[in-house]
Amino acid sequence: AGGTLIHPKNMYMVNFTKLLGLEQLDVGGGSFGIFDGSSMRISSSQYSVVTMAKLFWRYGMDIYNIDSWINEKLLSKFMRIYDIQSAGHAYTTVPDLIGAMDPSFISYMKNSIKFVMKTSGFGDTFIDEMVMGALRTNYGQNTDIPGFVGAVSIAGVQPGLWAVKGGNKQVPEKLVSEAQVQVIQGTVVSVQLLQYQGKNYRVGFFDAEKKEQFKDYDIVIVATPLHDEVSEIDFEDFPSSIENFPQQFHKVTATFVEGVPDPKYFGVDNADDLPNSILTCNDSILVNSQDKKADVFGNPTDVYKFFSNTPPSEDDVKQMFTSKKDIRMATFMAYPEYSTVGEDLPPFVLHDQLYYVNGIELAASAMEMSSIAGKNVALLAYNHWHGNLEKIDEPYLDPALEKDKTEL
């Protein structure tokens, strides 16, 4: 998913932590700056009033208007999905699901975030610096990405964000335990449509000992991106071929360095003036963003994490740090390359009782989006199995609004 932090209005992630008895860890605050490749365009002060004055001087009313824009144009409409899903409604396509939140989101998906924000009255400086910085840290991309994922990205750098104390990975781990399901450790390599009465699908996989195994199922849910360089699952004996979808995924490198950063790399003379969190607004430079990290329990460390679209060389790290004790690096296909998405998004239904969760990532990649897609697919499977067709791809009528209309 695109972000590792959780917005306070991400209801499923909030509810999961409560259900599982996990603690929220406040990760807000700290100094920040926006780097353009040669100098800091803006940096915060230890005094909040000075910081706000600097932000207002550079961005004008945009810095005040962004909160209301995110709340009114995105979050208030986004929240509708929770009522829809609580009522048992589900959708077979990503646009229908996103459009059920609000029809304006379809327009957001078809236009760039730069266009969406300019037509909303935001200035170029704010878009090219503050918005660009959010996109670079969350998705490693620029303001040409679609408006919907762009708005999700901006929400991902708003105040009030949190993580799970002890690590976000506890959420899926404990959910699996709470559900009391059987977990088979292995790598799926095939899904075969069966031609006889009984089970619908045969799943082929290599188990933990690298032995090929097969198991038959009534319903199969694919919860990994079906894209080149990410998945190699073969779908066999289907009347129409099921292939990997054409959109590309974006490769990113996360580098963790325990050491002392060189402030001059970021155009800062004094080490004490180097911000803890640095966004970048130039997509031709190596670093997407850099943060001084606490551990998963909130304790301070001397570890810095920076994202880059290509792995840094040894010389790159030497330029960035005056000294280092340890360095770790992870390169992975993190989220879609949004310039390749287009309007033809994968469906949630690949075949009868064969469902696909990860098409939602092409609209926006985030933990909450994946939770919403998982709930949608679960509802689809339930409604199809029980014949509740009136709750599939049908408009949701808010009972409260209908009651108000009746009373009028």
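If you're wondering where the values come from, they're calculated on a predicted model, not measured in any experiment. Residue numbers run from 1 in the order of the sequence given.
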Test side chain to side chain donor-acceptor pair (under 3.5 Å) applied to [X] - qualifying residues, sequence neighbours left out:
| X | answer |
| --- | --- |
| Asn244 | Asp228 |
| Gln248 | none |
| Ser86 | none |

Nearest atoms (heavy-atom pairs only) where [X] meets [Y]:
| X | Y | result |
| --- | --- | --- |
| Ser308 | Val252 | O-CG2, 3.3 Å |
| Phe307 | Ala254 | CE2-CB, 3.7 Å |
| Gly140 | Tyr335 | N-OH, 3.8 Å |
| Phe214 | Gly204 | CD2-CA, 3.6 Å |
| Ile242 | Leu354 | CD1-CD2, 3.9 Å |
| Ile113 | Ala151 | CD1-N, 3.8 Å |

Contacts of Asp393 meeting salt bridge (Lys or Arg N to Asp or Glu O under 4.0 Å) (sequence neighbours excluded), chain-then-number -> none

Other residues, nucleotides, ligands: >12 heavy atoms within 6.0 Å of [X] [atom1]:
| X | atom1 | value |
| --- | --- | --- |
| Lys54 | NZ | yes |
| Lys114 | NZ | yes |
| Phe115 | CZ | no |
| Tyr47 | OH | no |
| Glu232 | CD | no |
| Lys77 | NZ | yes |

Any donor and acceptor pair, going by atom type alone, linking the side chain of [X] with main-chain N or O of [Y] inside 3.5 Å?
| X | Y | value |
| --- | --- | --- |
| Thr301 | Lys293 | yes |
| Asn71 | Leu75 | no |
| Thr92 | Phe348 | no |
| Gln185 | Glu209 | no |
| Asn138 | Ser153 | yes |
| Ser241 | Glu243 | no |
| Arg136 | Val287 | yes |
| Asp62 | Gly123 | yes |

Parallel under 30°, tilted from 30 to 60°, perpendicular over 60°: which one fits the rings of [X] and [Y]?
| X | Y | result |
| --- | --- | --- |
| Phe78 | Phe148 | parallel |
| Tyr338 | Tyr139 | perpendicular |
| Tyr108 | Phe105 | tilted |
| Phe126 | Tyr59 | perpendicular |

Output for pair (Gln24 CD, Trp162 CH2), nearest 0.5 Å, gives 4.0 Å

Nearest-0.5 Å distance that lies between atom CD in Gln170 and atom CG in Leu175: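 The CG atom of Leu175 is 11.0 Å from CD of Gln170, to the nearest 0.5 Å.
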
Check against ring pair (Phe, Tyr, Trp, His ring centres under 6.0 Å), Tyr356 and Phe245: CA-CA 12 Å; Tyr356 178 50; Phe245 296 102; 5.6 Å; yes

Using a 4.5 Å cut-off on heavy atoms from C-beta on, say whether the side chain of [Y] contacts that of [X].
| X | Y | result |
| --- | --- | --- |
| Ile327 | Thr255 | yes |
| Leu55 | Met130 | yes |
| Tyr12 | Ile81 | no |

| task | Step through it carefully: locate the ring centre of Phe256, locate the ring centre of Tyr304, and say whether they are under 6.0 Å apart. | result | no

Side-chain ion pair, Lys118 and Asp124, N-O less than 4.0 Å:
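Looking at Lys118 and Asp124, the cut-off is met.
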
Test: Lys305 and Asp291 ion pair at under 4.0 Å:
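Here Lys305 does not pair with Asp291 in a salt bridge, since their nearest N and O are not under 4.0 Å apart.
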
For residues [X] and [Y], is any side-chain donor paired with an opposing acceptor at under 3.5 Å?
| X | Y | value |
| --- | --- | --- |
| Ser104 | Asp102 | yes |
| Asn282 | Ser284 | yes |
| Thr137 | Ser289 | yes |
| Asn358 | Glu361 | yes |
| Asn200 | Asp218 | no |
| Asn65 | Ser68 | no |

Query - side chain to side chain contact (heavy atoms under 4.5 Å, CB included) evaluation trace for His250 with Gln141 - result: CA-CA 9 Å; His250 186 93; Gln141 296 167 65; 3.9 Å; yes

*Pair Arg58-Glu129, salt bridge (charged side-chain N to carboxylate O under 4.0 Å, His left out): steps then yes or no*: CA-CA 10 Å; Arg58 185 156 190 87; Glu129 294 178 11; 2.7 Å; yes

Between side-chain atoms of residues 373-390 and protein atoms elsewhere (two or more places apart, or another chain), which donor-acceptor pairs fall under 3.5 Å?
| unit_1 | atom_1 | unit_2 | atom_2 | d |
| --- | --- | --- | --- | --- |
| Asn376 | OD1 | Tyr91 | N | 2.9 |
| Asn376 | ND2 | Tyr91 | O | 2.9 |
| Asn383 | OD1 | Asn388 | ND2 | 3.4 |
| Asn383 | ND2 | Gly88 | O | 2.9 |
| Asn383 | ND2 | Leu379 | O | 3.2 |
| His384 | ND1 | Tyr355 | OH | 2.8 |
| His384 | ND1 | Leu380 | O | 3.2 |

Would you list the atom pairs, donor with acceptor, under 3.5 Å between side chains in residues 258-276 and any protein atom, with sequence neighbours excluded?
| unit_1 | atom_1 | unit_2 | atom_2 | d |
| --- | --- | --- | --- | --- |
| Asp262 | OD1 | Lys264 | N | 3.0 |
| Asn270 | OD1 | Asp272 | N | 2.9 |

